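Just below is one structure, and these are the notes that go with it.
Each ligand, and each atom within it, is numbered from 1 in the order the structure gives. Sequence positions, counted from 1, serve as the residue numbers for this chain. What you are looking at is a predicted structure, and each value in this text was computed from that prediction instead of being measured.
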Amino acid sequence: MLYFIKTFGCQMNAHDSEFLEGLLAQHGYGPTEELEEADLIVINTCCVRATAENKIFGFLDSLQRLKRMNPRLLIAVMGCLVSEASAAEKVAKRGHIVDIILGTRSLGRLPFYIEKRKTEQGPFVEIDLEADVPEGRVHKRNDPFKAYVTIMYGCDNYCSYCIVPYVRGREKSRDLEDILKEAKDLAAAGVKEIMFLGQNVNSYGRGLEKADFATLLRAAHEIPGLERIRYMTSHPKDFDENIISAIADSPKVCRHFHLPVQSGSSRILRAMNRKYDREYYLALMEKIKTVFPGASLTTDIIVGYPDETEKDFEDTLDILAAVEFDLAYTFLFSPRQGTPAAAKKQLPQSVKKERLQALMELQNKIGLKKNQALIGKDLLLLGEGKSPNNAAYQTGRSEGNKIVHFPAGQDYTGRLVKAKIISAHTWSLEGRL
Ligand code: SAH
Ligand code: SF4
Ligand code: F3S
């Protein structure tokens, strides 16, 4: 039996798909890259912006022909998009080709419903966001050197624009011991870099006794064999002194700070329910720059939030220039049904697009300047294998998450190497070993 899996969305979803693949392997399924060959098609979905949702419906529609040709083909749709009842219903009705629909906390029920489908007609829908995700998930990890480790599920922050709390349920931290055991086992198996995953990792441990994010970082730092520790995503409001000193004391924790600012305007930040203002954010970045000189700084920004004025937008441009981020992920505000921001009067699309363009232009200049400042410096890289555009080159990633291409006569995958940077582009660097 063969499955084809397609994953949309963030690292959390990518990791959930690793779990689904592990689960399917335990039940006698093997992977295929050919849709036509699959007995089961799994779609792990995202709904953070309308663009993600549209792509998923497009993909679903493209499967109609396959399902007609092979009525025994099973189609299962999981994850964020279908974790809300009305969206699940829409998916179930779309072309009437979907057999199984599972919410983000019910993924483990896939084998049960595959069995059930043998004797009953679908579609089966199970969403239960109150459910606890059981321990002992087995993952199919494709990279022997890098691995994701979930530290918490859900999100309780309710940023006004964001659908995630409604589709991933309440925040729930895994036990510290369980996380550390998983990380130790991975390191023992040769993994060099782990990334701790959660929607708001800095609040890890809320509801647990004697565990917080700083404790987790310090403990993970002691694991033999691990070389690098990353985490995703931080929330500026919870990025406190404790965390900063834990990182300062733990050189394995990468000097890369991804702190989504979302907007440079205090007024918009308040409307977004982010619980910090511009001054707080700037002070936090100053602190980080002082404690970790040369650290890589990245962020997420939303433009065109309802009621964002020209002045608010200028504050965003201004914070970009003030902090000088290495990279900013920029998004057009996308109203998500059920969130407070979606009910507000929206800005015209043309205004949003113009602002996004201006933001990207400014950030590209800053990013290039920051990369150029690395010329002549030595960076420690974790090898990722062949460079995509030049067979004589290998690629590695720096602690600051920069991609560096370098000429090499052998494979450096999974190895730490030092390279001197000789030239810089907006998205990558070139170095010499
Ligand atoms: N928990 C993480 C990830 C959230 S989704 C965090 O808090 O950063 C990743 C990014 O998508 C967010 O940081 C935000 O910039 C963007 N985003 C979320 N909802 C959005 C929306 N409705 N429209 C546009 N961008 C959005
Ligand atoms: Fe969404 Fe905010 Fe939670 Fe991030 S912290 S997932 S942006 S609600
Ligand atoms: Fe998308 Fe869900 Fe991640 S909505 S961004 S896949 S948490």
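There is a side-chain donor-acceptor pair under 3.5 Å between Asn44 and Ser17. The closest side-chain donor-acceptor pair between Lys237 and Asn157 falls under 3.5 angstrom. In this model, a donor atom of one side chain and an acceptor atom of the other lie less than 3.5 Å apart for Asp238 and Asn200.
For Asp143 (side chain) and Phe145 (main-chain N/O), a donor-acceptor pair under 3.5 Å exists by modelled atom type.
Proximity to Gln262 (heavy-atom distance under 4.0 Å) selects the following atoms of ligand 1: 12 (C), 13 (O), 14 (C), 15 (O). Ligand-side atoms of ligand 1 in range of Phe333: 23 (N), 24 (C), range being under 4.0 angstrom from any heavy atom. Per-residue contacts place Pro260 under 4.0 angstrom from the following atoms of ligand 1 (heavy atoms of the residue considered): 8 (O). Every atom of ligand 3 is numbered from 1 in the order shown, and the set under 4.0 Å from a heavy atom of Asn13 is 6 (S). Remark: ligand 1 atoms within the under-4.0 Å shell around heavy atoms of Arg336 are 22 (N). Counting atoms of ligand 1 from 1 in the listed order, those under 4.0 Å from a heavy atom of Arg49 are 11 (O), 16 (C), 17 (N), 23 (N), 24 (C), 25 (N), 26 (C). Close approach of ligand 1 to Val48 is summarised as follows: ligand atoms under 4.0 Å from at least one heavy atom of the residue are 5 (S), 18 (C), 19 (N), 20 (C), 21 (C), 22 (N). When each atom of ligand 2 is checked for a heavy atom of Tyr158 under 4.0 Å away, the hits are 8 (S).
Of all protein heavy atoms, the one closest to atom 2 (Fe) of ligand 3 is Cys80 SG, 2.2 Å. Atom 4 (Fe) of ligand 2 has its closest protein heavy atom at Gln199 O, 4.2 Å. In terms of protein heavy-atom proximity, atom 5 (S) of ligand 2 is closest to Asn157 ND2, 3.4 Å. Distance from atom 1 (Fe) of ligand 2 to its nearest protein heavy atom, with residue and atom name: Cys162 SG, 2.3 Å. Scanning all protein heavy atoms for the shortest distance to atom 7 (S) of ligand 2 gives Tyr161 OH, 3.4 Å.
Applying the side-chain contact (heavy atoms from CB on, under 4.5 Å) test between Leu73 and each of Ile97, Asp39, Ile41, Leu40 identifies Ile41 as the sole match. Of the residues Arg137, Lys6, Lys140, the one that meets the salt bridge (charged side-chain N to carboxylate O under 4.0 Å, His left out) test with Glu21 is Lys140.
Annotation for Lys275: atom NZ counts as buried by contact number, over 12 foreign heavy atoms lying within 6.0 Å. The neighbour count for Gln372 CD, taken as heavy atoms of other residues, nucleotides or ligands under 6.0 Å away, is above 12.
None of the N, O or S atoms belonging to Cys47 lies under 2.8 Å away from atom 1 (Fe) of ligand 3.
When Val261, Thr233, Asp300, Thr330 are checked for heavy-atom proximity to atom 10 (C) of ligand 1, Asp300 turns out nearest. Nearest-heavy-atom check against atom 23 (N) of ligand 1 across Pro335, Ala342, Ser334, Cys46 picks out Ser334. Counting heavy atoms only, Leu332 comes closest to atom 24 (C) of ligand 1 of the residues Val164, Leu259, Leu332, Thr339. Comparing heavy-atom distances from atom 3 (Fe) of ligand 2 across Cys155, Cys10, Cys159, Pro165 singles out Cys155 as nearest. Proximity annotation for atom 3 (Fe) of ligand 3: of Ala52, Gly79, Cys10, Cys10 comes nearest, heavy atoms only.
Neither the backbone nor the side chain of His235 has any atom closer than 4.0 Å to an atom of ligand 1 (non-hydrogen atoms only). Contacts between Gln199 and ligand 1, counted as non-hydrogen atom pairs separated by less than 4.0 Å, involve both the backbone and the side chain. With a 4.0 Å heavy-atom cut-off, ligand 2 is reached by the side chain of Val164 but not by its N, CA, C or O. Only the side chain of Phe331 comes within 4.0 Å of ligand 1, counting heavy atoms alone; its backbone N, CA, C and O stay farther away.
Using 4.0 Å as the threshold, Met12 has no heavy atom nearer than that to any atom of ligand 3. At least one heavy atom of Gln199 sits less than 4.0 Å from an atom of ligand 3.
In summary, Glu308 and Lys344 do not engage in a salt bridge, as defined by a charged side-chain N under 4.0 Å from a carboxylate O. No salt bridge links Arg228 with Glu399; every basic N to acidic carboxylate O contact stays at or beyond 4.0 Å.
In this pair, His139 and His15 present their aromatic rings parallel. The plane angle is below 30°, not in the 30 to 60° band.
Scanning all heavy atoms of the two residues, the minimum distance from Arg274 to Pro260 falls at NH2-O, 2.9 Å. Of all non-hydrogen atoms in Val82 and Ala88, the two that sit nearest each other are O-CB, 3.6 Å. When all heavy atoms of Leu217 and Ile247 are compared, the closest pair comes out as CD1-CG1, 3.7 Å.
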